[in-house]
Protein chains: 2
Amino acid sequence: MRRLASALRSTPMAVYHHVRDKDELLGLVLEHVARGLPRPELPEQPRERLLAACTLMYRAFLDNPWVVPIVARGDLVGVSAVWVTEEIMAALVALGLDDQHAFRTHQTIWYFTAGQVMSAAHRPGATDGATGQTGEPAPHYVDVAMASRDPAEFPHLARLVGRSRHWEAEYRYADGLGHILDGALPRHDAADGATP
Amino acid sequence: MRRLASALRSTPMAVYHHVRDKDELLGLVLEHVARGLPRPELPEQPRERLLAACTLMYRAFLDNPWVVPIVARGDLVGVSAVWVTEEIMAALVALGLDDQHAFRTHQTIWYFTAGQVMSAAHRPGATDGATGQTGEPAPHYVDVAMASRDPAEFPHLARLVGRSRHWEAEYRYADGLGHILDGALPRHDAADGATP
DNA sequence: ACCTGAACACCGTTCAAGT
DNA sequence: ACCTGAACACCGTTCAAGT
């Protein structure tokens, strides 16, 4: 509130004349962000449509990671962005899930998305990618942990030392999303309806 | 720091004699929580073992949701809890994944876990389950959004109105985790090694 | 070695008052 | 209707000083 006020070259209290409290302000900004979400043509095929809608959601949250905790709180909704949820639900139903399973899968996708955005936001070069050089690249948590542990006691972690950081950077949202969908969607075996 | 100091019936500055700054303190508390993690017997079967290890991790974070943002930051590690990661990696490898895919799947699981804990922590009756009665049960975000929208425009969301809250409460960590594993692990078809 | 008080630069918010 | 200043109850942290 105080920072906003000084950015507006005003006093903190002036803000309170337009807004009840910080939560109301956050709700308004959330709605503003939701309205700014681009709505491109989505693929016709349900699975590609689903991937596109989820990736759009992911990108939007990556661009505005501060909204994640607000949305996670659950009481504030970016009403202008519910079309994304509608698209995801529609695609999940088109792919063979009933309402409840579709909703459940949507929740899994949301938790995964929220978690990844939260992790990605707190990483070097998140927003300030301009600087480029960061000296030596800060050890990964696996390397930190293994530095003071017996490799023989943690053989699988030991095998990650020096490689985990690179692999984590290489991780793509579509990787995890693909796994979730592969696990949640009904399998279409070689022949459609071969097994009733 | 100030709250800690007053809880200790001391001054904020006394704390700074034992600890460099708040981050060092958080690291120490994180390590303390990690050391308090129970280490029960885990099932022998890799998949059950994996589910048990992940659920243990989930429960630990649910009990201490404030550590999630700290762990997500990535620079602080609860070294005494890395055995959970070792167990997860070991089970994933035992289930047929190579190092890189196992690590990738571990990341997916972590993102999902972090996201769900973050969502669950900010829900009514999270820690104060003792109170029990909460009057009328606060509308779900689906209901909030749909209250001001045309049901015809969002048919799939409209079908969730009044049911989504219940379904969200019914959601179990094992649901999403099961989907992730089903999608990430190699399929063992009816006959082992039938298709090379 | 261990602690203190005053101070600085921050928060969100209330209250009484000004135009 | 719109804004202000002073104040309250908070933060993390520095600095000089006390035992």
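The structure presented is a predicted model; accordingly, all values stated were derived computationally and were not measured.
- DNA chain C is contacted by B:Ala14, B:His17, B:His18 of residues 14-27 of chain B, taking any non-hydrogen atom closer than 4.0 Å.
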Fill in the blank from the handout: Symbol by symbol from the 5' end, with Watson-Crick or G-U pairs under 3.5 Å, [ ] crossing and | another strand, DNA chain D is ||.|||||...|||||.||
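- The same atom, P, is picked in C:dC2 and in D:dA17; the two are 22 Å apart, to the nearest Å.
- Residue B:Gly176 comes nearest to B:Phe112 through the heavy atom pair CA-CZ, 3.6 Å, listed as atom of the first residue, atom of the second, then distance.
- Residues passing the ring pair (Phe, Tyr, Trp, His ring centres under 6.0 Å) test with A:Phe103, sequence neighbours excluded: none.
- For A:Arg187 and B:Asp182, the salt-bridge test fails: no basic side-chain N is under 4.0 Å from an acidic carboxylate O.
- Within the structure, salt bridge (Lys or Arg N to Asp or Glu O under 4.0 Å) contacts touching residues 148-161 of chain A (residues at least two apart or in different chains) are A:Arg159-B:Asp99.
- A donor-acceptor contact closer than 3.5 angstrom is absent between the side chains of A:His179 and B:Thr108.
- Among the heavy atoms of the strands lying under 4.0 Å from A:Met13 is at least one base atom, whether or not backbone atoms are also near.
- No hydrogens or angles considered: a donor-acceptor pair under 3.5 Å links the side chains of A:His101 and A:Asp98.
- Side-chain contact check for B:Tyr173 and B:Thr113: at least one donor-acceptor pair (N or O, by modelled atom type) lies under 3.5 Å.
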Name each donor-acceptor pair under 3.5 Å that joins a side chain in residues 54-63 of chain A to protein atoms two or more places apart or in another chain, with its distance.
from    : atom 1 : to       : atom 2 : distance (Å)
A:Thr55 : OG1    : A:Leu51  : O      : 2.7
A:Tyr58 : OH     : A:Gln116 : NE2    : 3.3

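- For the segment residues 71-78 of chain B, the set of residues with a heavy atom within less than 4.0 Å of an atom of DNA chain C is empty.
- Distance check on atom C1': D:dA9 versus C:dC10 gives 13 Å, rounded to whole Å.
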